[in-house]
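One structure is given here, and the rest of the page talks about it.
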Number of protein chains: 2
Amino acid sequence: MRRRRFGNAPAGAGVVTMSDVASRAGVSAQTVSRVIGRPEMVTEETRKRVHDAIRELNYIPNEAARNLASNSSRVVAVIIPTLSSSAFSAQVKATIDTLEMRGISVVIGNSEYSAVREEQIIQTLLERRPMGFILTGLHHTPRAMDLMRQSGVPVVETWDTDTAPLDCAAGFSNIAAGHDVGSLLAARGSRRIAFVGGAAHQDSRANGRFIGLSKALEEADLPPPLRIELVLPMSTQDGISGLDQVLQKAPMTDAIFFSADSLALAALLECNRRGLRVPEQLAICGFGDFDLASLVTPALTTVKIQPDVMGRASAELLLARLDGDDKPASVVLQHQLIRRGSA
Amino acid sequence: MRRRRFGNAPAGAGVVTMSDVASRAGVSAQTVSRVIGRPEMVTEETRKRVHDAIRELNYIPNEAARNLASNSSRVVAVIIPTLSSSAFSAQVKATIDTLEMRGISVVIGNSEYSAVREEQIIQTLLERRPMGFILTGLHHTPRAMDLMRQSGVPVVETWDTDTAPLDCAAGFSNIAAGHDVGSLLAARGSRRIAFVGGAAHQDSRANGRFIGLSKALEEADLPPPLRIELVLPMSTQDGISGLDQVLQKAPMTDAIFFSADSLALAALLECNRRGLRVPEQLAICGFGDFDLASLVTPALTTVKIQPDVMGRASAELLLARLDGDDKPASVVLQHQLIRRGSA
DNA sequence: GATCGTTGTGATAGCGCTAACAAGTCGGTA
DNA sequence: TACCGACTTGTTAGCGCTATCACAACGATC
């Protein structure tokens with residue numbers, strides 16, 4: 001077979017192989033492989049000669065060949081609902097940064113909040129024989145779980161620690177977070193409370209927050225919260241529509257807990273525009289502590305969760321598994337209720 | 001060599017190879033390969049038998065082997081300054097979605113606004129023999145450009161069309177966008193105008209906007225704008241610090257053009273808090289048309305650029321190249337100045 | 001000085017797949 | 001009947017790398 005080049009590349013380098021480097025350096029291909037993979041096994045003298053040859057020839061190792069021969073891929077698959085949400089993108093960025101230091105690349109899948117799409121993505125990404133998966137949430141299709149189990153690949157689940165993970169998890173308790181918000185609202189004197197968030201079947205994180213909220217209200221002898229379910233993906237504008245739905249269905253509502261700051265901020269700004277006084281007439285609480293949350297007037301009361309820490313923790317958990325730790329303990333991150341002016 | 005499994009997987013499937021499927025279906029491995037890669041070459045009868053075998057054995061093709069044998073990788077490398085910016089993450093999401101339909105995965109690199117890091121990332125990602133690169137901006141180190149050229153891989157550059165691309169580009173004119181803002185500010189009667197954005201050596205997009213702004217002010221016989229350069233990465237809070245720097249260095253400033261909506265929104269909200277009337281005392285213009293831009297009071301005047309369209313366009317440009325189009329025309333997207341209340 | 005372990009390097013044999021070609025089958029045409 | 005081309009399937013030979021084992025060279029040990 002004729003020498004070929006990168007992809008459908010027209011011409012040039014990239015065709016330099018390890019044995020080209022080897023003959024240039026006067027050593028065997030195996031030695032070149034060692035210089036690249038385990039340099040400590042090679043004398044400094046040889047190492048230098050090989051490095052010179054690599055530089056002179058502009059040699060770039062072929063990852064596919066390396067993967068095939070070593071049966072390991074240096075790729076981790078990360079599946080999130082959508083990259084166009086600052087929380088998920090911050091998480092993924094932290095994961096990429098953490099894994100990059102170990103020479104591991106990340107391949108991202110967007111499930112669009114659908115367990116079925118998640119399953120399809122898992123199936124496809126499995127072709128790359130990833131070293132591990134980082135999934136969002138604890139809910140997956142039965143077949144997705146089977147695929148994970150059968151492949152034997154380590155899995156870390158994120159964003160939720162309220163039920164048992166497939167393997168291990170790096171997340172926080174949505175129920176506890178929702179409970180904290182409920183307690184705060186009850187304590188401040190709110191009586192008719194509503195929840196606005198993603199539809200239960202799409203967004204089990206929002207669901208957890210609602211459950212926690214409900215429990216806190218029950219403990220405070222308050223009526224159960226009205227729940228408005230939004231179809232995902234949500235836009236910021238949906239915050240206003242959520243506000244409207246609440247006011248229409250329950251005009252006497254005196255506090256709303258939004259499952260995302262984007263929604264809460266939109267609603268809060270809309271209240272300002274309408275002259276609805278926050279928090280006197282309507283208290284508002286968000287989730288996520290977006291950058292602007294502290295800058296609006298009144299500043300937004302919200303729950304901080306540090307998605308970047310979660311992204312790093314999940315990557316580290318995976319690395320621990322890859323380094324032989326048989327079953328590292330899940331990481332439960334602490335949320336933080338930040339009380340500002342809006343509730 | 002003994003049969004091995006996924007990564008360091010403990011047990012289970014994933015060890016099924018194409019020839020296992022072949023013998024199960026009573027055909028050759030090549031026929032299985034055809035069923036997967038070019039099903040139209042195989043009779044329906046055989047195809048069905050092979051599909052049955054695939055399903056029964058839970059066969060999952062090995063992408064690394066496929067890459068090595070076919071000398072092509074089904075991976076595209078995307079390098080952006082940072083994933084933790086909604087504009088870049090929206091862009092990347094659109095790119096992923098577009099390429100996914102062709103079975104191509106995306107590997108992301110975060111350059112952190114550094115050309116040197118970009119070069120390192122290119123070097124590393126080249127090991128995966130990507131089918132193409134999507135880079136941000138037109139400025140790269142000489143060695144990075146050499147690497148691209150030598151590898152012969154198609155390159156699409158994004159976010160800027162103000163100078164000549166390496167290969168082709170999908171972006172918009174930052175100069176024209178800045179010019180539009182300058183013209184608007186001049187027309188509305190602003191006289192002492194400031195620009196707040198990323199440092200010139202880090203952010204050539206912001207630089208282009210500043211150049212356009214300056215030109216428009218010059219054309220309107222206005223003094224050149226004060227420029228405040230922020231060190232990247234910028235946080236939303238930096239909008240306030242930019243505002244402060246402007247007011248300190250040039251207290252008479254009556255308009256500020258921020259190179260990002262996040263900064264502009266922070267500054268606008270801070271003005272509200274301080275009782276500085278926008279736009280009467282200080283006009284504010286942003287860039288990017290964030291979701292909240294239309295919701296604050298006064299609503300933010302800004303420039304809309306549709307990063308998602310850019311992400312899709314850049315992917316399609318790359319696909320055109322891969323499909324043989326020798327040098328597809330660059331795509332110049334139109335920005336849109338959206339005038340609202342703040343300027 | 002024979003034996004040992006240690007260290008550095010080389011030779012060999014694949015990893016799982018696809019490209020390229022070979023070969024068989026079929027119906028239609030001369 | 002012989003031959004052609006179209007279509008389908010099989011055979012062979014790697015892709016570029018690493019795992020594994022073999023082996024040479026060396027000082028340390030008794």
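Chain letters run A, B, ... following the sequence lines, proteins first and then strands; every chain starts at 1.
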message: Check the phosphate of C/dG10 against A/S28, side-chain N and O only, distance under 4.0 Å to OP1 or OP2. Yes or no?
response: yes
query: A/R38 has an atom CZ; how far is it from atom C1' of C/dG10, in whole Å?
result: 16 Å
message: Could you tell me if the side chain of B/M148 sits less than 4.5 Å from the side chain of B/D167, heavy atoms only?
response: no
query: Is there a donor and acceptor pair, one atom on the side chain of A/R129 and one on the base of C/dG16, closer than 3.5 Å?
result: no
query: Does A/T17 put a side-chain nitrogen or oxygen below 4.0 Å from OP1 or OP2 of D/dG16?
result: no
message: OP1 or OP2 of C/dC17 versus the side-chain N and O atoms of B/S33: is any pair under 4.0 Å?
response: no
task: Heavy atoms only: give me the nearest A/E119-A/L147 pair and the separation to one decimal.
output: O-CD1, 4.3 Å
Donor/acceptor link under 3.5 angstrom from A/R34 side chain onto base of C/dG10: yes
message: Taking the basic N atoms (NZ, or NE/NH1/NH2) and the acidic carboxylate oxygens, is any pair closer than 4.0 Å for B/D97 and B/K93?
response: yes
- prompt: OP1 or OP2 of C/dT9 sitting under 4.0 Å from any side-chain N/O of A/T46?
  reply: yes
field: Any B/T43 side-chain nitrogen or oxygen under 4.0 Å from OP1 or OP2 of D/dT9
entry: yes
- prompt: Starting at the 5' end of DNA chain D and moving along, which residue's nearest nucleotide shows up first, A/V32 or B/A29?
  reply: B/A29
- request: Taking only Lys NZ, Arg NE, NH1 and NH2, and the carboxylate oxygens of Asp or Glu, determine whether B/R49 and B/E45 approach each other closer than 4.0 Å.
  value: yes
task: May I ask you to say what A/T31 touches in the nucleic acid, namely base, sugar-phosphate or nothing, with a heavy-atom cut-off under 4.0 Å?
output: sugar-phosphate
query: Considering only side-chain heavy atoms of B/N62, which listed nucleotide, D/dC17, C/dC17, C/dT18, is closest?
result: C/dC17
